[in-house]
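Just below is one structure, and these are the notes that go with it.
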Protein chains: 2
Amino acid sequence: MGIIERKEREKEERHNSIIDAAEKVFFSKGVINSTMDEVAEAAELSKGTIYLYFRSKDDLFHGIIHRAMLKLEGVFKKVSLEEGSGAERLTRIGEAYFKFSDEYPDYFDAMLHQEEKCLFENGVDKKGYFFKCNEVGNSVFSILANIIGDGIKDGSLRPDIDPMKHAITLWGHTTGIMQIIKSKSHVLERIAGITGEELINYSFDLIRRCSRNVEK
Amino acid sequence: MGIIERKEREKEERHNSIIDAAEKVFFSKGVINSTMDEVAEAAELSKGTIYLYFRSKDDLFHGIIHRAMLKLEGVFKKVSLEEGSGAERLTRIGEAYFKFSDEYPDYFDAMLHQEEKCLFENGVDKKGYFFKCNEVGNSVFSILANIIGDGIKDGSLRPDIDPMKHAITLWGHTTGIMQIIKSKSHVLERIAGITGEELINYSFDLIRRCSRNVEK
DNA sequence: TTAAAAAATGACTTTGAGTCAGTTAAATAT
DNA sequence: ATATTTAACTGACTCAAAGTCATTTTTTAA
């Protein structure tokens, strides 16, 4: 009997439809300004039911972050399988990341939030979607590290690079500059006359410069 | 009559003593898990009085962030006046930033929070301490940009660098990697066997590599 | 057709940010 | 010195929203 399987599937679908609803609400008014009642209404369910599927508002938000990370992971996987040297693919990954931040700004914002998690909240729930997000995060690091490893082998990247350290560091650098652009680009544009796009390009150029192999 | 001046001074002192109390409470239990009543009790004042001095819990927290930024600004100013080439001082600024994150982890965490502000909260109050924080932030950027400018002049940094862009980018990169270390170092250490210190050194090395002038 | 299990509900509890009418203390005027 | 005005402070109160749970509805198994 496929009843159990069907139930499993329906449960999954319910999870997804609740996350759909949460995206609509959270992205339109901001997480802080949204209530679980509003999510429930958007999902055409009662609040109690939402709490049957998600342990907290934060868990629900991490459901969104998890989606975002899966999407990004997919993009990265795709690029990692393309043609080209390690260095080339690394650059393309960076561009894809920026494109992602441009095409899915809400997902990108949500992911930035994840980066900063667990600093201020004692006792963030280690189960649920928070944990799942970490798993995807590690997978993303691995994809990057593999490309970097390829680049070292094919000679397009410096041979003395540590792939995993490099992956983590580049991720940190890139996310850091994007975060500044997100939160301060209007100020920077006004005060220093520098646009977000210029900064990203500048940053990517620096990263390329410190990664490439300068053959003698 | 110095009454007005004295009152002004007392107001300032009250602000500070409330921030003192807030630091104790917020840093011990986390901002989210702390209540304004607890801050009031620690400050030996009523809650109503706290709200005479700060417009919201968030504003109070930004009072702490503001302190943190002033402290860091002081460190940076000091280093910027030291002996040495631009490149040398830039490295020392990075080291000082890392030292700061190590010596004042709570202040550092608070500042990271500031970086991420205004992404999720529609209608963050542009007045109050939030605004003051931005001012100090701009000042920090200027200090960096000046050192970089010096480095270009003295030939220790590449001549084709744009000081302000470089300052913002380095700040982003450094903050980004530190953020990862903060939030994920235990995971990374377990999974990949990489310590926070190693990552920071790796990151600084990359930054030096892409900034220095390679004279022919 | 009935009993048992699963899913869903929404009124209720609880917590904590922010307010405000009233009180106390300090400065100024008489 | 005393009265009056102004400033500083108080804490009981309001209100919004997260999270709960006894009850109801729906689905599955007997």
Side-chain angles (χ1 to χ4, degrees), chain A residues 1-19 21-22 25-26 28-64 120-125 127-130, chain B residues 1-19 21-22 25-26 28-64 120-125 127-130:
Chain A
M1 59 179 69
I3 288 179
I4 294 166
E5 287 85 345
R6 197 201 75 221
K7 286 222 165 183
E8 205 62 39
R9 210 169 51 236
E10 281 176 352
K11 222 168 192 166
E12 181 85 20
E13 277 162 18
R14 190 119 286 187
H15 267 266
N16 278 323
S17 70
I18 292 172
I19 296 178
V25 176
F26 288 175
S28 74
K29 336 173 56 183
V31 182
I32 301 272
N33 309 307
S34 304
T35 73
M36 291 299 268
D37 284 292
E38 287 170 320
V39 173
E41 196 184 332
E44 295 173 300
L45 289 167
S46 73
K47 184 157 70 163
T49 304
I50 308 290
Y51 280 94
L52 290 176
Y53 289 88
F54 297 89
R55 17 179 85 211
S56 66
K57 189 183 181 183
D58 197 62
D59 188 40
L60 175 52
F61 184 45
H62 274 82
I64 297 177
F120 281 95
E121 346 231 320
N122 303 355
V124 164
D125 194 347
K127 298 208 189 72
Y129 277 98
F130 181 82
Chain B
M1 58 180 66
I3 288 178
I4 294 166
E5 287 85 344
R6 197 202 73 222
K7 287 221 163 180
E8 205 62 39
R9 210 170 51 237
E10 282 175 352
K11 223 168 192 169
E12 181 85 22
E13 278 162 17
R14 189 113 293 181
H15 267 266
N16 278 323
S17 71
I18 293 171
I19 296 179
V25 177
F26 288 175
S28 75
K29 335 172 59 185
V31 181
I32 301 274
N33 310 307
S34 304
T35 71
M36 291 299 268
D37 284 290
E38 288 170 320
V39 172
E41 196 183 332
E44 295 172 301
L45 289 167
S46 75
K47 184 158 67 160
T49 304
I50 307 290
Y51 279 94
L52 290 176
Y53 289 88
F54 297 88
R55 19 179 83 208
S56 67
K57 189 183 181 183
D58 197 63
D59 188 41
L60 175 52
F61 184 45
H62 275 82
I64 298 177
F120 282 95
E121 346 231 319
N122 303 354
V124 164
D125 194 347
K127 300 208 188 73
Y129 276 99
F130 180 83

TODO: Quantify the bending of the helix from C:dT1-D:dA30 to C:dT30-D:dA1 as the angle between its end axes, each fitted on five pairs, to 10°.
DONE: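 Inter-axis angle at the ends, rounded: 10°.
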Task: side-chain contact (heavy atoms from CB on, under 4.5 Å) partners for B:T49, two or more places apart - done: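 With sequence neighbours excluded, B:T49 shows a side-chain contact (heavy atoms from CB on, under 4.5 Å) to B:L45, B:S46, B:Y53, given in chain and number order.
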- [ ] Counting heavy atoms from C-beta on, name the nucleotide in C:dA8, D:dC9, C:dA27 closest to the side chain of B:K7.
- [x]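 Of C:dA8, D:dC9, C:dA27, C:dA27 is nearest to the side chain of B:K7.
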Open item on the list: Starting the side chain at C-beta, find the nucleotide from C:dA7, C:dA27, D:dT10 nearest to B:L45.
Closed with: D:dT10
Task: Euclidean distance, atom OH of residue B:Y53 to atom P of C:dG18 [Å, nearest integer] - done: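 Whole-Å distance recorded here is 18 Å.
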Task: Distance-minimising heavy-atom pair for A:A42 and A:V25 - done: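 A:A42 and A:V25 have their closest heavy atoms at CB-CG2, 3.8 Å.
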Does any part of the side chain of [Y], heavy atoms only, come nearer than 4.5 Å to the side chain of [X], both counted from C-beta?
| X | Y | value |
| --- | --- | --- |
| A:M36 | A:L60 | yes |
| B:F54 | B:V39 | no |
| A:F26 | A:K57 | yes |

Open item on the list: What contact category does A:F54 fall into here, base, sugar-phosphate, or nothing, at under 4.0 angstrom with non-hydrogen atoms?
Closed with: nothing
Open item on the list: What contact category does B:L52 fall into here, base, sugar-phosphate, or nothing, at under 4.0 angstrom with non-hydrogen atoms?
Closed with: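 Base, at least one base atom sits under 4.0 Å.
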TODO: Tell me, please, which residues at least two apart from B:E13 pass salt bridge (charged side-chain N to carboxylate O under 4.0 Å, His left out).
DONE: none
TODO: Return the set of residues passing salt bridge (charged side-chain N to carboxylate O under 4.0 Å, His left out) with A:K47 (not counting sequence neighbours), or none when no residue passes.
DONE: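 Only A:D37 meet the salt bridge (charged side-chain N to carboxylate O under 4.0 Å, His left out) criterion with A:K47.
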- [ ] Quick one: list whatever passes side-chain hydrogen bond (donor to acceptor under 3.5 Å, both in side chains) with A:S17, sequence neighbours left out.
- [x] none
Open item on the list: Can you see if the side chain of A:R6 gets near the phosphate of D:dT28 - specifically, an N or O under 4.0 Å from OP1 or OP2?
Closed with: yes
Restricting both atoms to N or O, compile the protein contacts to nucleotides 16-23 of chain D shorter than 3.5 Å, with distance only.
| unit_1 | atom_1 | unit_2 | atom_2 | d |
| --- | --- | --- | --- | --- |
| D:dA18 | OP1 | A:S34 | O | 3.3 |
| D:dA18 | OP1 | A:K57 | NZ | 3.1 |
| D:dA18 | OP2 | A:M36 | N | 2.8 |
| D:dA18 | N7 | A:K47 | NZ | 3.0 |
| D:dG19 | OP2 | A:Y51 | OH | 2.9 |
| D:dG19 | OP2 | A:K57 | N | 3.0 |
| D:dG19 | N7 | A:K47 | NZ | 3.0 |
| D:dG19 | O6 | A:K47 | NZ | 2.9 |

